[in-house]
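Read through the structure below, which is laid out as structure tokens, and then see the notes.
As the structure is a prediction and not an experimental result, all values here were calculated from the model. Basis for what follows: all heavy atoms, side chains included, without hydrogens, waters or symmetry-related copies.
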Amino acid sequence: MKTLSRLLSLAMVTGVLFTSCDSDDDGGGDTPTVETNLAGVIASNRTLDATEQYTIASTVIVPEGVTLTIPAGTEIVSNVGTENYITILQGGKIDVQGTADSPVIMRSNGDAGSWGGLVICGNATTSEGVNATAEVGNLSYGGTNDADDSGNIDYLIIRDAGAQINADSQFNGLTLYAVGTSTTIDNVAIINGSDDGVEFFGGTVSPNNMYLENNEDDAVDWTEGWNGTLTNAYVTNTISSFSTAIEADGVNNNPTLVNFTAISANGGTAIQIKNDSGATINGLTLTGFETTFDFRDDAPVSNLMVDGENADVAEDAVYSTSSTNASLFAWVTNASDISGSTLPANISSDLTLDASTTYTINGPVLVNSGATLTIPAGTNIVSQSGTANYIAVLKGATIDIQGTEANPVIMNSDDGEAWGGLLICGNATTTEGVNAIAEVGGLSYGGSDDSDNSGSINYLILKDTGAQINADSQFNGLTLYAVGNGTTLTNIAVIGGADDGVEFFGGTVNLTNFYAENLQDDSVDWTEGWNGTLTNTFVNLTIDGFSTAIEADGVNNNPTIVNFTAVSTNGGTAVQIKNNSGCTITGLTLTGFDDQFDFRDDAPVSNVLADNANADETASYTTSTVVATDFSWATN
């Protein structure tokens with residue numbers, strides 16, 4: 001065998017050579033003892049036993065001609081140290097047979113970055129040539145067979161990997177050395193690593209469905225001319241020390257990324273391109289990063305194509321076209337009940353909270369299609385601040401907030417700074433069409449069912465919301481994406497937010513009894529042809545720098561506003577109408593504003609009918625019956 005000398009060398013290092021096969025019978029009627037320590041060279045095909053927990057006790061080597069099969073539900077726990085990892089040599093294979101219900105788990109018995117993860121060495125091409133030597137383990141990789149097959153991986157969770165060897169050499173969660181296209185890698189999660197999540201050293205392999213959470217260096221990294229395709233990747237970072245969501249270096253063989261979503265709670269850089277590297281990205285959503293693109297070492301911007309154009313290096317560039325969101329990875333993050341008080345990233349079956357518990361949000365919380373999140377009266381939910389933290393009710397899901405006047409449900413941040421608030425995505429109509437992509441989080445919304453039901457909200461207080469993504473994309477207190485009129489929204493207050501109080505993106509939903517206080521942008525905002533009814537609203541503005549009490553934009557489907565009171569102690573503009581938008585207002589009181597109406601972008605005055613007449617800047621509006629004390633339940 002061409003790897004024999006390396007194999008023997010590795011065996012000498014590890015001190016172990018074994019051939020045990022869990023699934024074999026010795027033919028003598030006795031069941032052989034299962035060896036649960038994994039260490040050294042696996043000299044013949046071996047299938048693990050899902051009922052056993054295995055320990056990685058040193059380097060585990062799968063050589064040429066040998067397949068390591070790992071059935072669904074198997075858990076492998078590594079000892080701490082950089083000598084502990086699984087490596088598939090050239091010509092060897094791995095077959096990870098996890099399922100959504102029973103993924104295979106590889107983790108350490110220590111903290112993040114305490115073992116070497118999974119390393120696969122293939123015979124595909126790399127700019128390092130044939131039989132290159134890896135930066136770890138003296139491993140050989142690289143050849144001429146781009147269709148090389150190193151096996152199959154499906155539904156695998158790798159935790160705590162990415163161990164540091166030295167400043168120039170590191171293990172990652174999943175390390176792919178010249179791995180070929182016949183290797184299938186689907187549904188992999190890499191969590192809490194101290195280096196990269198996945199790194200491609202050349203090769204042609206094309207993974208699908210990768211979830212990468214809190215990897216301290218780069219979530220996705222490639223070099224040496226990788227030219228495969230990565231489809232449906234979701235990156236979330238709530239730590240402050242990560243490097244980038246993507247780092248690309250070396251020769252540019254123009255790999256393709258399809259639907260790449262990355263969310264950061266701590267700023268940082270999203271995509272870094274070095275030297276002559278690059279890629280084509282079709283579908284990109286970036287949220288919460290300070291820097292979108294960083295081109296280093298004279299890397300040309302033209303090497304990175306995003307949605308058919310060169311990457312936009314402007315500071316205010318917005319990317320929100322990926323359709324991948326955390327719901328695709330419910331098999332990693334789902335919880336039908338809660339251990340502790342942190343809300344799970346994915347809720348895929350009915351979940352009822354306990355009002356006696358204060359719950360926390362650390363990252364996106366998605367209520368998936370078919371599930372209902374029930375929140376009883378008096379429940380308090382406290383979020384970390386930042387754009388990575390929000391609750392989103394997806395299409396086909398419902399929320400049931402059961403607050404009362406005496407015991408409203410309260411959602412706020414832990415430090416008074418802005419967080420993403422509550423988002424609801426429905427199947428009603430919007431001018432953006434069917435299955436539009438929201439400006440945040442890769443969320444899908446919009447359909448043809450104007451009577452769509454996303455649940456019920458009664459007596460909810462949202463505080464400290466409206467986190468800024470960039471100049472053109474923001475979270476609000478309550479964000480309603482194409483929500484239908486089968487949804488019931490009553491008695492909602494948004495207080496002290498950094499952006500809008502409520503924003504309607506199309507849809508037909510009605511909202512009754514809404515209180516907005518000191519929102520830094522617009523108290524009420526709509527676009528994309530919303531045509532519901534807003535009844536009984538009180539806007540209280542005592543801060544400088546707010547935008548408007550009402551902002552309306554886009555196509556005019558003539559929503560109805562009934563009893564709208566807005567009071568400002570600092571002047572400003574009350575109602576701003578843009579483009580062709582408008583509304584009919586019955587019962588309007590405006591007090592303390594410098595300007596009552598502002599018509600922008602050739603918006604016609606006739607589009608706003610206020611108390612049975614066209615809006616009139618010179619008129620006095622005092623006909624709303626809503627007063628501040630109507631909302632004492634929110635302000636006391």
Side-chain angles (χ1 to χ4, degrees), residues 10-11 13-18 20 22 34-42 46-63 66-89 92-98 102-121 134-139 150-151 153 155-166 169-177 185 188-199 210-217 332:
L10 286 165
V13 170
T14 61
V16 181
L17 177 67
F18 65 83
S20 173
D22 297 74
V34 173
E35 174 56 62
T36 59
N37 273 357
L38 301 179
V41 178
I42 299 176
R46 184 175 186 189
T47 299
L48 303 187
D49 181 348
T51 65
E52 300 286 345
Q53 183 182 97
Y54 292 84
T55 299
I56 297 177
S58 71
T59 306
V60 179
I61 306 157
V62 180
V66 174
T67 298
L68 173 63
T69 300
I70 309 176
T74 304
E75 185 171 25
I76 300 173
V77 181
S78 176
N79 289 337
V80 173
T82 57
E83 72 278 11
N84 302 305
Y85 57 94
I86 299 175
T87 181
I88 314 301
L89 301 188
K93 291 186 178 181
I94 189 168
D95 185 9
V96 176
Q97 302 175 338
S102 296
V104 170
I105 298 174
M106 298 179 182
R107 62 176 177 87
S108 83
N109 56 17
D111 297 325
S114 56
W115 70 294
L118 176 59
V119 181
I120 303 178
C121 300
E135 64 183 23
V136 299
N138 198 34
L139 304 175
S150 296
I153 297 174
Y155 290 104
L156 170 64
I157 299 174
I158 300 173
R159 294 181 179 272
D160 318 315
Q164 294 283 328
I165 301 170
N166 53 52
S169 299
Q170 301 86 22
F171 287 99
N172 310 291
L174 176 61
T175 307
L176 302 170
Y177 284 107
I185 300 177
V188 175
I190 304 171
I191 300 171
N192 292 343
S194 68
D195 204 76
D196 300 336
V198 59
E199 183 162 7
M210 297 199 75
Y211 177 87
L212 303 119
E213 177 184 314
N214 287 344
N215 294 287
E216 293 181 13
D217 198 11
V332 183

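- Of the possible donor and acceptor atoms, none in the side chain of Trp115 sits under 3.5 Å from a partner among the backbone N and O of Glu83.
- Proximity of a side-chain donor or acceptor of Ser194 to a complementary backbone N or O of Gly162 within less than 3.5 Å is detected.
- No hydrogens or angles considered: nothing links the side chains of Tyr54 and Glu52 as a donor-acceptor pair under 3.5 Å.
- Taking the side chain as every heavy atom from C-beta outward, Ile158 and Ile191 never approach each other to under 4.5 Å.
- In terms of heavy-atom proximity, Glu35 sits nearest to Asn37 at OE2-N, 2.9 Å.
- The nearest pair of heavy atoms linking Asn79 to Ala57 is ND2-CA, 3.7 Å.
- The shortest side-chain heavy-atom distance between Asn109 and Ser78 does not fall under the 4.5 Å cut-off.
- Rounding to the nearest 0.5 Å places OG1 of Thr74 at 10.0 Å from CD1 of Ile105.
- With contacts defined as side-chain heavy-atom distances shorter than 4.5 Å, the pair Ile86/Met106 qualifies.
- Here the straight-line distance linking atom CD of Glu199 with atom OG1 of Thr175 works out to 7.0 Å at 0.5 Å rounding.
- Formation of a donor-acceptor pair under 3.5 Å by the Asn172 side chain with backbone atoms of Leu174 is not found in this model.
- Tested against Ile94 for a side-chain contact (heavy atoms from CB on, under 4.5 Å), the candidates Leu156, Leu118, Thr67 yield a single pass: Leu118.
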Check the pair Ile153, Ile120 against side chain to side chain contact (heavy atoms under 4.5 Å, CB included), reporting the backbone distance first and the verdict last. CA-CA 11 Å; Ile153 297 174; Ile120 303 178; 3.9 Å; yes

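- Put simply, the side chain of Leu38 reaches to within 4.5 Å of the side chain of Arg46, judged on heavy atoms.
- Nearest heavy-atom pair across Cys121 and Ser150 is O-OG, 4.1 Å.
- When every heavy atom of Ser114 is checked against every heavy atom of Ser108, the shortest pair comes out as OG-OG, 2.6 Å.
- Proximity of Val332 to Pro103: side-chain heavy atoms (C-beta onward) are nowhere separated by under 4.5 Å.
- Interatomic distance, Asp196 CG to Asp217 CG, rounded to the nearest 0.5 Å: 4.5 Å.
- With hydrogens and angles disregarded, no donor-acceptor distance shorter than 3.5 Å links the side chain of Asn84 to the backbone of Thr59.
- The residue from Ile88, Val136, Leu89 that alone fulfils the side-chain contact (heavy atoms from CB on, under 4.5 Å) condition with Tyr177 is Val136.
- Every residue meeting the side chain to side chain donor-acceptor pair (under 3.5 Å) condition with Asp95, not counting sequence neighbours, appears here in chain and number order: Gln97, Asn152.
- By the side chain to side chain donor-acceptor pair (under 3.5 Å) test, Glu75 pairs with Gln53, Arg107, sequence neighbours left out.
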Check step by step if side chain to side chain contact (heavy atoms under 4.5 Å, CB included) holds for Ile42 and Val60. CA-CA 7 Å; Ile42 299 176; Val60 179; 3.9 Å; yes

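- Contact check for Thr87 versus Val62: no side-chain heavy atoms found under the 4.5 Å cut-off.
- One N or O on the side chain of Asn215 and one on the backbone of Ile190 form a donor-acceptor pair closer than 3.5 Å.
- Nearest approach of Gly173 to Ala161, heavy atoms of both residues: CA-CB, 3.8 Å.
- Two residues are said to be in side-chain contact when any heavy atoms from C-beta on lie closer than 4.5 Å; Leu139 and Val119 meet this criterion.
- Considering all non-hydrogen atoms of both residues, Asp195 and Phe171 come closest at CB-O, 3.3 Å.
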